[in-house]
J.: 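Let me begin by handing over the structure; questions about it come next.
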Amino acid sequence: MMDIADILIDALRAAILITGMVVMMMMMIESLNISSGGRFFSRLQKSKFGQIVVSALLGWIPGCIGGFASVSLFSHGMISFGALVAMLIATSGDEAFVMLTLFPGKALWISLLILIIGIVTGVLIDYMGPKLGLKPYSLKSCDEMQIHEEDKHEHEHHHAEKAVGEGRKWHFTWRRAVLLIGTGLYITALATGMLEHEHEGEVADDHGFNLLSEDWMNMVFAAVSLIMLGVVAFGSDHFVEEHLWHHVIARHALKIFAWTFGVLVVLGFITEVWDISNWISANVPLMIVLATLIGIIPESGPHLIFVTLFAAGVVPAPVLIASCISQDGHASLPLLAESKGAFIRAKAINCLVALVVGFIIYWLF
């Protein structure tokens, strides 16, 4: 039997690996959004179908930044209710980062499936909407995707500032130092294999290579982290302080680590004293319902348990897919704050679709 120290060490190693990868991807997306002056998330097709597709694709982007953008567009009347629901179905919030870390190949297929489901659902809603009395909501602006005046100034005058060396503030602050040290240590841990874990019963394949294997994914994230190291080192004070530190580190890093570490520790102890896989295999329908109901919570974290259980081979795909469809990280929080009615209707549709799809896949496969 594994002792307490082994459980805690394994959970800590995995939590650091997952949190680091999630944070690096969030920082990369934040950089893309700011460097494009916000245009990366603001171009929409004029057609209603185009709105649905674009909104779903925004939700498909790992994390909540695309979801925030879609909610903000909905609040401005720029996309339909069907487009909003398409985004909520297609998004898995921060859990998408974790899935890409733990099982990248399967995560891509699952994300593609829920993207298609989101688009189809959005089309059905907008077609049936008038008959069901679903009307556009008028909401106040959401500031989660705000491009600050400093960002606009830096974007518009980037080349001129490079020429004259003025207007772009840069100081070696303690936050910049912490980000540099943390990113450097994370790159070192990935490159040296300190965060790798053994998969019980797994046989190494020495022939060829799998681009989605753990080793290759670690190298990819080490490269991404190296790029972000340069971004942190040379980015402006405003970008580092406001966007990387306050938007990513302060809001997400600790929460992701705490939830991931907590879930892994709990599961580690549970699997030592209880054959949870046999219980779940006999109660898959109940798990689909449970995953759907927990998906109502507009917050990243509680849903990580289904991601972790799937990665461990404890729950089957229908449970995780139902969870991914029902939950949307905290992308719907601004919607809840602005319109309880829109939130309730959207989440009710999400749950219905999650149950239907989950049980169809369960019965078929």
J.: Does a side-chain heavy-atom distance below 4.5 Å link Ile16 with Phe261?
T.: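 With C-beta onward as the side chain, the pair stays apart.
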J.: Side chains of Gln327 and Ile294: does their closest heavy-atom pair fall under 4.5 Å?
T.: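 The answer is no; the side chains never approach within 4.5 Å.
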J.: Could you give the distance from OG1 (Thr91) to CD1 (Ile114), rounded to the nearest 0.5 Å?
T.: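 Here the rounded value is 7.5 Å.
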J.: Can you confirm whether more than 12 heavy atoms, excluding those of Trp109, are under 6.0 Å from its CH2 atom?
T.: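 Not buried by this count: 12 neighbours or fewer within 6.0 Å.
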J.: With rounding to the nearest 0.5 Å, note down the distance linking OG1 in Thr308 to CG in Leu320.
T.: 10.0 Å
J.: Taking all non-hydrogen atoms of both residues into account, name the closest pair between Val265 and Ile7 and its distance.
T.: O-CG2, 4.1 Å
J.: To the nearest 0.5 Å, tell me how far Leu8 CG sits from Arg13 CZ.
T.: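 Here the interatomic distance stands at 12.0 Å.
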J.: Where is the tightest heavy-atom contact between Cys324 and Ile110, given as atom of each residue plus distance?
T.: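 Closest approach of Cys324 to Ile110: SG-CG2, 4.3 Å.
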J.: So, does Trp60 use its side chain to make a donor-acceptor pair with the main chain of Ser55 at under 3.5 Å?
T.: no
J.: With rounding to the nearest 0.5 angstrom, report the NZ to CG distance, Lys347 to Leu352.
T.: 13.0 Å
J.: Are the side chains of Trp245 and Arg176 in contact, using a 4.5 Å heavy-atom criterion?
T.: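 When only atoms from C-beta onward are counted, Trp245 and Arg176 do not touch, as no gap falls below 4.5 Å.
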J.: Is any side-chain heavy atom of His171 closer than 4.5 Å to a side-chain heavy atom of Glu241?
T.: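 No; the side chains remain at least 4.5 Å from each other.
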J.: Heavy atoms, side chains only, cut-off 4.5 Å: are Glu95 and Phe306 in contact?
T.: no
J.: Using every non-hydrogen atom in the two residues, find where Ala233 and Trp170 come nearest and quote the distance to one decimal.
T.: O-NE1, 2.8 Å
J.: Indicate, with yes or no, if Tyr362 and Ile360 share a hydrophobic cluster defined by side-chain heavy-atom contacts under 4.5 Å among Ile, Leu, Val, Met, Phe, Trp and Tyr.
T.: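 Yes, one cluster joins them.
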J.: Got Ile349 and Phe81 here, is their nearest side-chain heavy-atom distance under 4.5 Å?
T.: yes
J.: With the side chain counted from C-beta on, respond yes when Thr292 and Phe359 share a heavy-atom pair under 4.5 Å apart, and no when they do not.
T.: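 They are not in contact (no side-chain heavy atoms under 4.5 Å apart), so the answer is no.
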J.: Over all heavy atoms of both residues, which pair between Ile296 and Cys351 is shortest? Give the atoms and the distance, please.
T.: CG1-SG, 3.5 Å
J.: Using 0.5 Å steps for rounding, measure from the CG atom of Asn350 to the CG atom of Asp328.
T.: 6.0 Å
J.: For a quick test of reading the model, state the closest non-hydrogen atom pair linking Gly184 to Leu229 and the distance between them.
T.: N-CD1, 4.1 Å
J.: Kindly work out whether a path of hydrophobic side-chain contacts (I/L/V/M/F/W/Y, heavy atoms less than 4.5 Å apart) joins Ile181 to Met24.
T.: no
J.: Between Thr183 and Ser225, does any side-chain donor sit less than 3.5 Å from a side-chain acceptor?
T.: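 No, because no side-chain N or O of Thr183 sits under 3.5 Å from a partner of the opposite role on Ser225.
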J.: Membership question, hydrophobic clusters at under 4.5 Å side-chain separation (ILVMFWY): are Ile227 and Leu180 in the same one?
T.: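 Yes; Ile227 is reachable from Leu180 via cluster members.
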J.: If you apply the rule side chain to side chain contact (heavy atoms under 4.5 Å, CB included), what do you find for Leu244 with Ile249, and how did you get there?
T.: CA-CA 6 Å; Leu244 297 188; Ile249 302 301; 5.7 Å; no
J.: So do the side chains of Phe310 and Val319 get within less than 4.5 Å of each other, counting heavy atoms only?
T.: no
J.: Give the minimum heavy-atom separation between Leu102 and Ala311, together with the two atoms involved.
T.: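 Distance-wise, the nearest heavy atoms are CD1-CB, 3.9 Å.
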J.: Does Phe172 share a hydrophobic cluster with Val232, counting links as ILVMFWY side-chain heavy atoms below 4.5 Å and allowing steps through other members?
T.: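 As far as the 4.5 Å side-chain criterion goes, Val232 and Phe172 are connected within one cluster.
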J.: Testing the 3.5 Å rule here: is there a donor-acceptor pair between the side chains of Ser80 and Asp126?
T.: yes
J.: Following the transitive rule for hydrophobic clusters with a side-chain heavy-atom cut-off under 4.5 Å over Ile, Leu, Val, Met, Phe, Trp and Tyr, establish whether Leu254 and Tyr186 coincide in one cluster.
T.: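 The answer is no; the residues belong to distinct hydrophobic clusters.
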J.: Can you tell me how far CG of Leu88 sits from OG1 of Thr121, rounded to the nearest 0.5 angstrom?
T.: 11.0 Å
